[in-house]
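Working notes for the structure below.
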Amino acid sequence: MKSGRDWESISNIKLVLVSYLNTYPLVWGLKKLFKKGKGPEIILCPPSHGSRLLMEGKVDIALVPSITYLNCNTPFEVLPFGIISRKEVDTVLLVGNASIENWERIFLDEDSLSSIELTKILFQIKNRKIEFIDGIREIENLDENSGALIIGNKCFKWAQNFSWCYDLSKLWFDFTGLPFVFAIVLARPEIGKDYLLTAYDLIDKVIRVGIENIAQVVEDWLLEYPHEIKLKKRSYYYSYLKNKIFYNINREAILGLKKFYSINKKILPEEKAIKLSNEYFRMYDPAFGKESDSIKGKDENS
């Protein structure tokens, strides 16, 4: 839906994105659409920190762990964007120096609340009693009975140091056949509808600009973080952004999100559940829910 709304009308908003490569296309797109000093104020931080900022009312719109919407009492508005994966995602990993069957304890990267919850769920499904320990300070000294959850850019550096590596998104897909929504975009409930629709138009445009210029996005990211070129080839980062990460929530992603919530055995209040329906998302795009079962924007050859 293209409304022709004036993006400058929301240039005073505070927008939280994640400080990882997976959202750099959005950051890049915003920089291209707005001159320096213009546009929304962008705050980059780990997902769990962004969740706290939104809950405390310090920001207007935030990309937050998907578990936030289930656990919070506030009926936030939901925009049809997030961090979504199908099968391998490469940046949410369980690592160790022995097979996962040997693990008795897992150290948890506290940057992502959704990844922590998913880890616990997957072991619960297997009826495994695991000791979960907050923090990954002991990650360099894992014994054969220990594993660790790591997320984000640190996976590029650390995963190669372990004998065993399991992709959390792939484990979820093997169990459900559905994509996993690691993060979603929420907005404060007092934001008016026109304001919300304008934010949708802006984020939708930002995503398209970033995706259409992935090669340049990777080059600019490596200019900002030159040490990353020593970890992976440019072609890997390009493929990661093109084929492993998706930003547009569609019908299949909603099914995956609802499955995740249902396994948590918590029931969403009706005022929150309605905001995860095709009807609600058609407020943004009248064609929502009519797409094919593949993730919107997915490369058919991936």
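Residue indices begin at 1 and follow the sequence shown. This structure is a prediction, so every number in the text was calculated from the model and none was measured.
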Which heavy atom in [X] sits nearest to a heavy atom in [Y], and how many Å separate them?
X: Ser66; Y: Ser114; answer: N-OG, 2.7 Å
X: Tyr247; Y: Ile211; answer: CE1-CD1, 3.8 Å
X: Phe281; Y: Leu79; answer: CE2-C, 4.1 Å
X: Ala187; Y: Ile61; answer: CB-CG1, 3.9 Å
X: Pro189; Y: Phe76; answer: CD-CD2, 3.8 Å
X: Tyr200; Y: Asp285; answer: OH-CB, 3.9 Å

CA sep, side-chain torsions, deciding dist, call: Lys14, Asp60, salt bridge (Lys or Arg N to Asp or Glu O under 4.0 Å): CA-CA 5 Å; Lys14 292 183 178 180; Asp60 304 293; over 6 Å; no

Is it true that atom NZ of Lys259 has more than 12 heavy atoms of other residues, nucleotides or ligands lying nearer than 6.0 Å?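 Open.
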
Is it the case that atom CD in Glu140 sees more than 12 heavy atoms from other parts of the structure closer than 6.0 Å?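 It does not: Glu140 CD has 12 such atoms or fewer within range.
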
Is the terminal nitrogen or CZ of Lys232 (NZ for Lys, CZ for Arg) located under 6.0 angstrom from the six-membered ring centre of Tyr236 and within 45° of that ring's axis?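 Yes - Lys232 lies over the ring of Tyr236, closer than 6.0 Å to its centre and within 45° of its axis.
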
Kindly indicate whether a cation-pi arrangement holds for Lys120 with Phe132, taking the cut-offs as under 6.0 Å to the six-membered ring centre and within 45° of the axis.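 The answer is yes; both the distance and angle limits are met.
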
Does a side-chain heavy-atom distance below 4.5 Å link [X] with [Y]?
X: Ile84; Y: Ile245; value: no
X: Trp158; Y: Ile136; value: yes
X: Pro25; Y: Ile207; value: no
X: Leu197; Y: Met283; value: yes
X: Leu44; Y: Val18; value: no
X: Leu15; Y: Ile43; value: no
X: Arg52; Y: Lys58; value: no

Check: [Y] main-chain N/O paired with [X] side-chain donor or acceptor under 3.5 Å:
X: Asn153; Y: Leu21; result: yes
X: Asp109; Y: Ile151; result: yes
X: Tyr69; Y: Val185; result: no
X: Ser169; Y: Lys87; result: yes
X: Ser277; Y: Tyr280; result: yes
X: Arg282; Y: Phe288; result: yes
X: Lys32; Y: Val206; result: no
X: Ser48; Y: Glu110; result: yes
X: Ser85; Y: Lys244; result: no
X: Asp167; Y: Asp90; result: yes

Determine, stepwise, if the pair Lys275 / Glu77 fulfils salt bridge (Lys or Arg N to Asp or Glu O under 4.0 Å). CA-CA 7 Å; Lys275 295 177 181 179; Glu77 300 293 344; 3.5 Å; yes

Could you please spell out the steps behind the salt bridge (Lys or Arg N to Asp or Glu O under 4.0 Å) verdict for Asp174 and Lys170? CA-CA 6 Å; Asp174 289 345; Lys170 179 63 163 56; 2.9 Å; yes

[atom1]-[atom2] distance between [X] and [Y], expressed to the nearest 0.5 angstrom:
X: Leu108; Y: Ile150; atom1: CG; atom2: CD1; answer: 12.5 Å
X: Ser146; Y: Ile133; atom1: OG; atom2: CD1; answer: 7.0 Å
X: Ile125; Y: Phe123; atom1: CD1; atom2: CZ; answer: 11.0 Å

Are any of the side-chain nitrogens in [X] or [Y] under 4.0 Å away from the carboxylate oxygens of its partner?
X: Lys129; Y: Glu104; result: no
X: Lys205; Y: Asp201; result: no
X: Glu224; Y: Lys31; result: yes

Please check if the distance between the ring centroids of [X] and [Y] is under 6.0 Å.
X: Tyr240; Y: Phe156; answer: yes
X: Phe180; Y: Phe182; answer: yes
X: Trp221; Y: Tyr225; answer: yes

Show your working on side-chain hydrogen bond (donor to acceptor under 3.5 Å, both in side chains) between Asp220 and Tyr24 and close with a plain yes or no. CA-CA 9 Å; Asp220 289 355; Tyr24 193 77; 5.4 Å; no

Could you check Thr119 against Ile130 for side chain to side chain contact (heavy atoms under 4.5 Å, CB included), going step by step and ending with a plain yes or no? CA-CA 10 Å; Thr119 298; Ile130 298 290; over 6 Å; no

Between Asn71 and Lys266, does any side-chain donor sit less than 3.5 Å from a side-chain acceptor?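 On atom types as modelled, these side chains qualify, holding a pair under 3.5 Å.
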
Consider only side-chain heavy atoms of I, L, V, M, F, W and Y, link residues closer than 4.5 Å, and tell whether Ile249 and Leu17 are in one cluster.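 As far as the 4.5 Å side-chain criterion goes, Leu17 and Ile249 are connected within one cluster.
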
Pair Asn145-Trp103, side-chain hydrogen bond (donor to acceptor under 3.5 Å, both in side chains): steps then yes or no: CA-CA 4 Å; Asn145 299 122; Trp103 298 357; over 6 Å; no

Take Arg234 and Glu219, measure what salt bridge (Lys or Arg N to Asp or Glu O under 4.0 Å) needs, and give me the verdict at the end. CA-CA 8 Å; Arg234 283 176 169 80; Glu219 290 301 319; 2.8 Å; yes

